[in-house]
Amino acid sequence: MTVWLAIAGAGLVTYLLRLAPLVVSVRRPAPVALRRYLDALPIASIAALTGPAIVLPGGAPTLGAEPVGALVAVAVARWRRNLLAGVLAGVASVALLRLL
């Protein structure tokens with residue numbers, strides 16, 4: 001039951017963070033610095049949720065495929081400016097490294 005509460009809580013927080021830029025700029029345009037900050041919040045929250053699972057799966061540090069896959073995903077997403085391409089490259093690299 002606590003796992004489902006944690007999932008629901010993480011989903012709610014992520015949803016509220018995605019809603020924040022819209023709520024702030026409804027009445028009047030937000031300052032540029034605030035707008036950039038609010039636009040970065042959803043990505044930062046997802047990174048904060050997934051980062052520990054990538055680097056410390058099961059609570060112990062790993063030198064396995066997951067950190068390499070995360071680096072590949074970030075590099076490809078940045079290079080291609082396409083998040084889907086980054087995710088696909090990261091998943092493919094983890095799968096290939098696990099096969100080896």
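We're numbering straight along the sequence, starting at 1. Hydrogens, waters and symmetry mates are skipped; everything else that's a heavy atom, side chains included, is used.
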Margin query: Let me confirm one number: the CD1-OG1 distance from Ile7 to Thr2, rounded to the nearest 0.5 Å.
Written below: 9.5 Å
Checklist line | Shared hydrophobic cluster for Leu100 and Val68 (ILVMFWY, side-chain gaps under 4.5 Å) | finding: yes
Check: What heavy-atom pair brings Ala89 and Val76 nearest, and what distance separates the two atoms?
Finding: CB-CG2, 3.7 Å
Checklist line | Nearest atoms (heavy-atom pairs only) where Ile54 meets Ala70 | finding: CG2-CB, 3.8 Å
Note to self: Starting from Val74, can I reach Leu97 by hopping between I/L/V/M/F/W/Y residues whose side chains sit under 4.5 Å apart?
What the structure shows: no
Next item on the list: Might you point out which heavy atoms bring Gly90 and Ser93 nearest each other, and give the distance in Å?
Entry: O-OG, 2.9 Å
